[in-house]
Enquirer: 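Okay, here's the structure, questions in a sec.
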Amino acid sequence: MKIQICIATDALLANFLPALIDRPDHVYLVTTDEMKPLADDLARMLDAERIRSTIYRDSADGRWPGVSDTAARLAEHVRATHPDAEVTVNITGGLKPMAIGFVMGFKALPHRTIYMDMRHGVINHLELPPAPDQPIPDLLDVRRYLLASGFRVRDIKSQSERWRQDAAAVRNLTDYLAAHWSKIGHLADALNSSAADARNLYENAGTPQEQPARVRIDKELALRNRHLMETLVEQKVVAWSEQRPGSMEILDYARAQYLGGFWLEEYAFLQLSDLGLRDLAVGVFGEWLGGGAARARNEFDVVATHANRLLFIECKAGVFRTDQKIQDTFGKIDAIGNRAAGRFGSVMMLSPRSLTPAAVARAAAGRIFPLHGADITRVREVVQRWMHGGKL
């Protein structure tokens with residue numbers, strides 16, 4: 001039988017990963033009153049992996065020297081109830097007095113002591129003579145990582161075979177839009193506006209989603225950018241002609257969504273799908289948890305995991321015209337993206353529009369890496385650098 005002991009704190013991944021690696025029969029989660037909600041979160045994560053756990057309260061509340069007495073009592077309990085168990089004590093969580101207390105409290109019980117060095121991706125085995133560090137295997141997919149961040153995934157659009165086929169079918173158009181969106185100026189605004197009008201017809205005016213929706217388009221901009229308009233026609237996104245340049249038909253609801261900005265999410269997916277990421281997901285829908293209950297719903301554009309780290313990508317095809325729009329947009333990405341990414345993740349904002357210096361400064365203040373304008377075509381290169389341990 002295998003037993004693990006860990007100190008429940010906000011280092012959820014550092015406590016969760018050893019259980020995923022060793023698959024123990026039972027995990028004891030030592031907690032203070034303050035950290036009890038986090039212990040509950042960790043217990044739910046383990047339960048989702050069918051790993052039994054028990055929450056064990058530290059009566060010393062993490063204070064020295066009483067914490068070593070708590071550890072000694074737990075060690076005696078483990079000896080009495082599981083006399084032949086292989087015991088692992090994970091001291092990654094908690095303050096230093098707690099870690100020292102558990103080293104001392106378990107000294108009478110044969111065990112191994114580990115520390116999860118997440119920064120370097122290894123498990124330290126704290127013993128003499130020193131044992132080699134153990135590499136941490138890449139185990140965290142999008143669902144597991146986000147659960148550790150307090151977000152339960154309900155659905156992922158890109159897991160649908162139909163979604164992937166549809167994205168692949170218009171890949172040439174998607175690549176074309178990524179390369180030209182920053183160059184077409186006001187036509188990009190006009191297309192966004194027309195797509196929004198079409199979605200309004202589908203969602204509020206009762207237009208059947210599989211039928212075309214006729215909307216207006218600025219005829220001078222459309223005529224000035226004939227090649228792009230003809231490309232949209234060839235790819236069966238819209239129906240438009242020079243004879244009636246001031247209007248067009250968007251052929252169905254899905255195409256209205258695509259033209260309104262979903263093409264950017266598909267572009268990110270297509271660029272990153274063959275890089276060897278541990279997991280890559282578009283359209284991640286779910287809910288934040290609080291006390292085990294659903295609190296608020298969100299949908300994330302693009303989320304990837306690699307080497308037990310998470311990359312959160314927010315895709316914004318629209319323009320930022322006011323300082324308030326900048327603050328609102330980056331405030332949302334800051335709050336949600338960094339909460340999802342956690343301590344070991346990174347956040348990127350992908351925009352085909354060239355951002356103002358004010359927007360770039362706001363992104364930096366929120367630990368958000370902006371890839372914008374013509375540079376969005378470098379997204380593959382930037383993510384490769386991130387995968388190999390570098391910063392965005």
Side-chain angles (χ1 to χ4, degrees), residues 157-158 160-271 273 282-283 301-302 315-321 325 350-355 372-377 379:
K157 285 194 303 189
S158 59
S160 160
E161 182 63 28
R162 173 65 183 273
W163 186 94
R164 294 194 295 272
Q165 289 174 353
D166 288 348
V170 293
R171 177 165 192 159
N172 289 341
L173 174 60
T174 302
D175 289 345
Y176 182 89
L177 293 177
H180 291 83
W181 201 259
S182 64
K183 303 173 185 176
I184 61 177
H186 293 298
L187 180 61
D189 296 340
L191 290 172
N192 276 345
S193 179
S194 296
D197 290 342
R199 292 198 305 274
N200 182 59
L201 291 174
Y202 288 118
E203 295 168 5
N204 300 315
T207 301
Q209 292 194 359
E210 298 303 320
Q211 292 185 13
R214 181 165 290 279
V215 292
R216 289 180 296 177
I217 185 75
D218 187 298
K219 63 180 180 181
E220 292 185 6
L221 290 172
L223 289 171
R224 198 182 307 153
N225 294 273
R226 287 181 181 86
H227 181 67
L228 174 58
M229 297 303 296
E230 290 167 355
T231 300
L232 292 174
V233 172
E234 290 170 6
Q235 294 293 323
K236 297 181 173 57
V237 176
V238 306
W240 175 85
S241 71
E242 292 187 38
Q243 287 69 42
R244 297 183 63 187
S247 68
M248 65 181 181
E249 285 186 329
I250 298 181
L251 297 186
D252 58 30
Y253 181 64
R255 288 171 172 83
Q257 290 182 306
Y258 174 87
L259 195 58
F262 278 20
W263 66 267
L264 188 56
E265 298 174 21
E266 293 184 17
Y267 178 72
F269 179 84
L270 293 166
Q271 289 293 306
S273 59
V282 172
D301 293 342
V302 183
C315 298
K316 290 292 183 185
V319 68
F320 303 95
R321 295 200 182 281
K325 179 71 171 177
L350 195 66
S351 173
R353 312 298 187 109
S354 294
L355 300 182
H372 59 107
D375 279 349
I376 65 169
T377 57
V379 64

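Quick caveat, the model's predicted, so the values are computed rather than measured. When a residue number appears, it is its place in the shown sequence, counting from 1.
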Enquirer: Enter the distance from Q271:CD to I376:CD1 here, rounded to the nearest 0.5 Å.
Expert: 9.0 Å

Enquirer: Considering only residues two or more places apart or on different chains, which pairs with a residue in residues 202-215 satisfy side chain to side chain donor-acceptor pair (under 3.5 Å)?
Expert: N200-N204, E203-Y253, R214-S247

Enquirer: Could you pull out all residues at least two apart from S351 that satisfy side chain to side chain contact (heavy atoms under 4.5 Å, CB included)?
Expert: F320, M349, R353, L355, H372

Enquirer: Determine which pairs satisfy salt bridge (charged side-chain N to carboxylate O under 4.0 Å, His left out) with at least one residue from residues 170-187, sequence neighbours left out, and list them in order.
Expert: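 Every pair satisfying salt bridge (charged side-chain N to carboxylate O under 4.0 Å, His left out) with a residue in residues 170-187: R171-D175.
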
Enquirer: How long is the span from the CG atom in D252 to the OH atom in Y258, to the nearest 0.5 Å?
Expert: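 Taking CG in D252 and OH in Y258, the distance rounds to 13.0 Å.
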
Enquirer: Holding to salt bridge (Lys or Arg N to Asp or Glu O under 4.0 Å), I want the full list of residues that pass it with D301, two or more places apart in sequence or in another chain.
Expert: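 For D301, no residue satisfies salt bridge (Lys or Arg N to Asp or Glu O under 4.0 Å) once neighbours in sequence are set aside.
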
Enquirer: Which residues satisfy the ring pair (Phe, Tyr, Trp, His ring centres under 6.0 Å) test with W163, sequence neighbours excluded?
Expert: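 Residues passing ring pair (Phe, Tyr, Trp, His ring centres under 6.0 Å) with W163: F269.
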
Enquirer: Ignoring hydrogens, what is the shortest heavy-atom contact between A198 and A256? Give both atom names and the distance.
Expert: CB-CB, 4.0 Å

Enquirer: Heavy-atom count check: over 12 atoms from other residues, nucleotides or ligands less than 6.0 Å from E230 CD?
Expert: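 More than 12 within 6.0 Å, yes.
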
Enquirer: Please report the shortest heavy-atom distance between A374 and S182, naming the atom on each side.
Expert: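 Answer, listing the atom of A374 first, then S182: N-OG, 3.8 Å.
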
Enquirer: Going by ring pair (Phe, Tyr, Trp, His ring centres under 6.0 Å), name the residues that satisfy it together with Y267, two or more places apart in sequence or in a different chain.
Expert: none

Enquirer: Write down the atom of V302, the atom of C315, and the distance for their closest heavy-atom approach.
Expert: CG2-SG, 4.0 Å

Enquirer: Quick one: closest heavy-atom pair of A213 and L201, and the distance?
Expert: CB-CD1, 4.0 Å

Enquirer: Can you see which heavy atom on S194 is nearest to which on I217, and at what distance?
Expert: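 Residues S194 and I217, closest heavy atoms: OG-CD1, 3.5 Å.
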
